[in-house]
Amino acid sequence: RCSGSGRRLGGCPRLTASRLPARGRVLALDVGDRRIGVAVCDPFRLIATPLTVIHRAGLERDREAVRLCALQQEAVAVVVGLPLLPSGDRGEQAVKVETFVADVVSQLGLPVVTWDESYTTLEAERLRRERPGRSSGRRSRIGIDAEAAAVILEEWLRAEDESRAARSSPSAQDEAT
């Protein structure tokens, strides 16, 4: 089943160098009621790529499908999009995703972080429209979930890169001494 401007939430764990190898693939999930979009980055964490879409089929099958993706991609961590309301509060769908994280993703034995996924599907749709040669219809709609997962991962990668740069800047080093 598994082929081929950061907005971190205040209460969510931060994946830092102390908790995560400096290199390695990170898996991203865009969890919906019917599908789970999956994306992965390269081992150097430079490029996020849409990977696949898992069609939801019950807790055990979803867990196994996510586990296989993580295993096949040799993931060292998982980023899960959390759909917050425009107010920043958690709504019904965010609670469902948090339950999914607790029941499925946390069982992988990998570091997990949730990331505000507000507007990532809209961004994925905009990017898709800008690419020449893309078809529309049901098949492309299914793929949008994986593309939204890639947007989530790109945002997280960008924020982690900015955080790493800030920690290694001369002023950050001066403050540490």
Participant: Nearest heavy-atom pair of Gln107 and Ala102: which atoms, and what distance?
Facilitator: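 Reported closest heavy-atom pair: NE2-O, 3.7 Å.
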Participant: Please report the C-alpha distance between Glu160 and Arg45 in whole Å, then the side-chain angles of each, then the deciding distance to 0.1 Å, and finally whether the side chain to side chain contact (heavy atoms under 4.5 Å, CB included) criterion is met.
Facilitator: CA-CA 10 Å; Glu160 285 300 302; Arg45 301 196 187 130; over 6 Å; no
Participant: So how far is it from Asp42 CG to Arg25 CZ, rounded to the nearest 0.5 Å?
Facilitator: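 Spacing of CG (Asp42) from CZ (Arg25) equals 7.0 Å.
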Participant: Is the backbone of Asp103 close enough, under 3.5 Å, to the side chain of Arg63 for a donor and an acceptor to pair up by distance?
Facilitator: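 Checking the backbone N and O of Asp103 against the side chain of Arg63, a donor-acceptor pair under 3.5 Å is found.
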Participant: Please report the closest heavy-atom contact between Cys69 and Thr52, naming both atoms and the distance.
Facilitator: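 Where Cys69 meets Thr52 most closely, the heavy atoms are SG-CG2, 4.1 Å.
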Participant: In chain order, what residues pass the side chain to side chain donor-acceptor pair (under 3.5 Å) check against Gln93, with sequence neighbours excluded?
Facilitator: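 Gln93: side chain to side chain donor-acceptor pair (under 3.5 Å) contacts with Asp33.
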Participant: Within the side chain of Thr99, is there an N or O that forms a donor-acceptor pair under 3.5 Å with the backbone of Val95?
Facilitator: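 Side chain of Thr99 to backbone of Val95, a donor-acceptor pair under 3.5 Å: yes, one is there.
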Participant: I need the Ile36 CD1 to Phe100 CZ distance, nearest 0.5 Å.
Facilitator: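 Between Ile36 CD1 and Phe100 CZ, I get 3.5 Å after rounding to 0.5 Å.
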Participant: Below 3.5 Å, can you tabulate the donor-acceptor pairs from side chains in residues 78-85 to any protein atom, sequence neighbours excluded?
Facilitator:
none

Participant: Roughly how far, to the nearest 0.5 Å, is the CG atom of Asp161 from the CD atom of Glu154?
Facilitator: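 Rounded to the nearest 0.5 Å, the CD-CG separation comes out at 13.0 Å.
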Participant: Do Ile47 and Val26 sit in the same hydrophobic cluster, where Ile, Leu, Val, Met, Phe, Trp and Tyr count as joined when their side-chain heavy atoms come under 4.5 Å apart?
Facilitator: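 Different hydrophobic clusters.
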Participant: Kindly compute the distance separating CG (Asp62) from CG (Leu29), expressed to the nearest 0.5 Å.
Facilitator: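 Here the interatomic distance stands at 10.5 Å.
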Participant: Which atoms form the tightest heavy-atom contact between Cys41 and Leu157, and what is the distance?
Facilitator: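 Where Cys41 meets Leu157 most closely, the heavy atoms are CB-CD1, 3.9 Å.
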Participant: When rounded to the nearest 0.5 angstrom, what is the spacing between CZ in Arg56 and CZ in Arg35?
Facilitator: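 Arg56 CZ to Arg35 CZ: 11.5 Å, rounded to 0.5 Å.
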Participant: List the atom of Ala39, the atom of Ala146, and the distance in Å for their closest heavy-atom pair.
Facilitator: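 Of all heavy-atom pairs spanning Ala39 and Ala146, the closest is CB-O, 4.0 Å.
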Participant: Can you see which heavy atom on Leu153 is nearest to which on Ala28, and at what distance?
Facilitator: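 Here Leu153 and Ala28 meet closest at CB-CB, 3.6 Å.
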Participant: Could you state the interatomic distance from CG (Leu71) to CD (Glu64), rounded to the nearest 0.5 Å?
Facilitator: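 Going from the CG atom of Leu71 to the CD atom of Glu64 covers 9.0 Å.
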Participant: Can you name the residues that form a side chain to side chain donor-acceptor pair (under 3.5 Å) with Glu74, not counting sequence neighbours?
Facilitator: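 Result, side chain to side chain donor-acceptor pair (under 3.5 Å) vs Glu74: none returned.
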Participant: Determine the minimum heavy-atom distance between Ala150 and Ala48, stating which atoms define it.
Facilitator: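 Heavy atoms of Ala150 and Ala48 come nearest at O-CB, 3.6 Å.
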Participant: Test side chain to side chain contact (heavy atoms under 4.5 Å, CB included) on Leu27 and Gln72 and set out the steps.
Facilitator: CA-CA 11 Å; Leu27 202 68; Gln72 289 173 354; over 6 Å; no
Participant: Any salt bridge between Arg158 and Glu162, counting N to O under 4.0 Å?
Facilitator: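 Salt bridge absent between Arg158 and Glu162.
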